[in-house]
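Notes for the one structure printed next.
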Protein chains: 2
Amino acid sequence: MSLKHTILVLLESESGTGYDIAKKFQGSLGNFWSASHQQIYHELGKLDKDGLVTWKQVPQEGKPDKKVYEITASGIEELRNWMHSPIPSQKVRDHLMVRMVATHLVDPMVLHEQLGEIMARCDKKLTTLKQFEATFFDMIGGKTLQSEMIYLSLKRGIELQESWLRWAEEVQATLEKYRDA
Amino acid sequence: MSLKHTILVLLESESGTGYDIAKKFQGSLGNFWSASHQQIYHELGKLDKDGLVTWKQVPQEGKPDKKVYEITASGIEELRNWMHSPIPSQKVRDHLMVRMVATHLVDPMVLHEQLGEIMARCDKKLTTLKQFEATFFDMIGGKTLQSEMIYLSLKRGIELQESWLRWAEEVQATLEKYRDA
DNA sequence: ATACGCATGTAAACAGTTACATGATTAA
DNA sequence: TTAATCATGTAACTGTTTACATGCGTAT
C-alpha cells in the first residue's frame with residue numbers, strides 16, 4: 001500500500017487540500033499513480049489520526065472553507081523510512097492483454113476498434129506530456145537531483161506511451177490480415 | 001474488475017483446477033495479470049454460484065483430490081459480452097516513480113541500489129520471455145489469429161522489460177552524477 | 001530431517017470503487 | 001439554464017492481501 005506515501009510525497013513538496021491532491025493525480029503524476037477524491041479524503045483522515053499530517057481550516061469568500069494539510073516532522077520521518085524499504089514488484093492489471101488471448105471469440109474488428117479508442121486517449125496524453133517536457137527545465141530553472149528525477153519520470157511516461165502506440169499499430173495490422181477470415 | 005474474466009479466458013482455452021490457474025499467473029500471463037491462490041478459489045466459488053463454470057471432483061492416488069473446473073455455455077456468453085464492452089483505462093500503481101519524486105530525502109545511492117535489484121528481476125524475466133518467444137511458433141505450430149495475438153502480447157512483454165532496463169540504466173547514471181553532491 | 005510440489009480452503013484486515021449528498025460561484 | 005470548478009464528505013460494496021490451516025508424496 002502506498003497511497004499513504006504518495007500523498008506524503010506530494011505534501012512534502014507543497015502543502016495543500018485534498019482537492020489539490022486530487023488535481024495532481026489528474027496531471028503528470030497521474031501516469032504513475034491515481035486515486036479518487038473519496039479515497040484521498042479517507043487517507044488524509046488516517047494520516048491525521050496517525051500524526052503524519054496536520055491541517056488548518058482556511059475560510060474563503062465565495063468558496064467553501066478549505067482544510068490545508070501540511071506534513072509533520074513525523075510524516076517526513078515516515079517517508080524517509082519508506083524510501084529505505086525494498087520496492088515491491090508492481091502489480092499489473094492489463095485488461096487489453098487478457099482480451100488479446102480471447103480475440104477468437106468475437107469479430108477481430110471489435111478489438112481493432114477498441115484499440116483505436118485507446119490509441120486516441122494515448123495520443124492525447126502524449127501531446128500533453130511532450131508539451132510539459134519541452135519547457136520543463138526552463139520552468140523550474142536549473143538542474144538538481146530532484147528536477148532531473150522528475151524529468152526522467154516524465155521521459156519514462158513519454159517512452160511508455162510511444163512504445164504503446166507503435167505496438168498497438170502492429171496489433172491493428174495483424175487484425176486486419178484476419179478480417180473476414 | 002476482471003479477475004473473473006481472466007479466469008474465464010483461461011478456462012475457455014483449457015479446463016483445469018484452481019491450482020493450475022494459479023500456475024498460469026506465474027507464467028507468461030503473469031506479465032499482465034496475477035492473483036493469489038486464495039483469490040482464485042474465492043472467484044471460482046462465485047463463478048460456480050453464477051453458473052459460469054462447473055466442476056468435477058477428480059480423485060487421485062498419492063495426491064489430494066482435485067476439482068477440475070470447466071467453463072459453461074453461459075460462461076462463454078458472459079465472455080463474449082465482456083469482449084464487446086469498452087476497455088477501461090488501466091490503473092497504474094508505480095511505486096518506483098513515486099520514490100523518484102522524493103529522492104532528495106535520502107542518499108541517492110539508496111535508490112541506485114534499489115534500481116539494481118529491480119533490474120536483476122527484470123533481466124531474469126526477460127530471459128524467460130525470450131526463450132519462450134524463440135520457440136513460440138514451432139511449439140504451437142502454424143499462425144492463427146489466436147496464436148498471433150498471444151505472440152504479440154509476448155513481444156509486448158519483452159519490449160516493456162527492455163525499455164524498462166534502458167531507462168533504469170539512465171536513472172542510475174544520473175544518480176551517480178549526484179553522488180556525494 | 002527439511003523443503004518443495006500438489007491441492008484446497010477460511011477469516012480478518014485493508015484498499016479501492018460506486019453511489020449518494022451538499023452547496024456556492026462562474027462561464028457558455 | 002446547464003455545466004463546470006471549488007470543496008468536502010458518508011455508506012455500501014467489491015477486490016486484494018495476509019495470516020492461518022491441513023496433509024500426503026517425493027526428492028535432497
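Sequence lines set the chain letters: A, B, ... in the order given, protein chains first and strands last, and positions in each chain run from 1.
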_At 4.0 Å (heavy atoms only), tell me whether A/E43 reaches a base, stays on the sugar-phosphate, or touches nothing._
nothing

*In whole angstrom, give the distance that lies between atom NZ of B/K66 and atom C1' of C/dG9.*
18 Å

*Side chains of A/R156 and B/S163: is there a donor and an acceptor less than 3.5 Å apart?*
yes

*What orientation do A/W55 and A/Y69 show, parallel under 30°, tilted 30 to 60°, or perpendicular over 60°?*
tilted

*Please report, rounded to the nearest Å, how far the C1' atom of C/dT10 is from the CG atom of B/L44.*
16 Å

_Side-chain N or O of B/K63 versus OP1/OP2 of D/dG23: is the shortest distance under 4.0 Å?_
no

_Looking at B/A73, is its backbone amide N or carbonyl O close enough to the side chain of B/E78 to form a donor-acceptor pair, meaning the two atoms are under 3.5 Å apart?_
no

*asked:* Using OP1 and OP2 only, check whether a side-chain N or O of B/T17 sits under 4.0 Å from C/dT8.
replied: yes

*Identify whether any heavy atom of A/H42 sits under 4.0 Å from a base atom; if not, whether one sits that close to sugar-phosphate; answer base, sugar-phosphate or nothing.*
nothing

*Whole-Å distance between C/dT8 P and B/D48 CG?*
13 Å

*When we call it a touch if two heavy atoms are under 4.0 Å apart, what does B/K46 touch: a base, just sugar-phosphate, or nothing?*
sugar-phosphate

*Starting at atom NE2 of A/H37, determine the distance to atom C1' of D/dA7, rounded to an integer number of angstrom.*
9 Å

*If only side-chain N and O atoms of B/Y41 are considered, is one of them under 4.0 Å from the OP1 or OP2 phosphate oxygen of C/dG9?*
no

_Length of the NZ-P vector between B/K56 and C/dT8, whole Å_ = 15 Å

_Could you check whether atom CZ of B/F136 has more than 12 heavy atoms from other residues, nucleotides or ligands sitting under 6.0 Å from it?_
yes

_Separation of D/dA7 P from A/D65 CG (nearest whole Å)_ = 10 Å

*asked:* With a 4.0 Å cutoff (strictly under), does any side-chain N or O of A/Q38 reach OP1 or OP2 of C/dT17?
replied: no

*Within this structure, what is the CD1-to-P distance between A/I40 and C/dA15, rounded to whole angstrom?*
15 Å

_Of the listed nucleotides C/dA15, C/dA7, D/dT8, the one nearest the side chain of A/K67_ = D/dT8

*Does A/Q39 put a side-chain nitrogen or oxygen below 4.0 Å from OP1 or OP2 of C/dT17?*
yes

*Toward the 5' end of DNA chain C, which comes first, A/S36 or B/Q60, by nearest nucleotide?*
B/Q60

*Whole angstrom value for the distance that separates P of C/dG5 from CD of B/E61*: 23 Å

*Just compare D/dC6, C/dG16, D/dT17 and give me whichever is closest to any side-chain atom of A/K91.*
D/dT17

*Are B/E148 and A/K177 within salt-bridge range, i.e. N to O under 4.0 Å?*
yes

*So, is A/R93 close to the D/dT16 phosphate, meaning a side-chain N or O under 4.0 Å from OP1 or OP2?*
yes

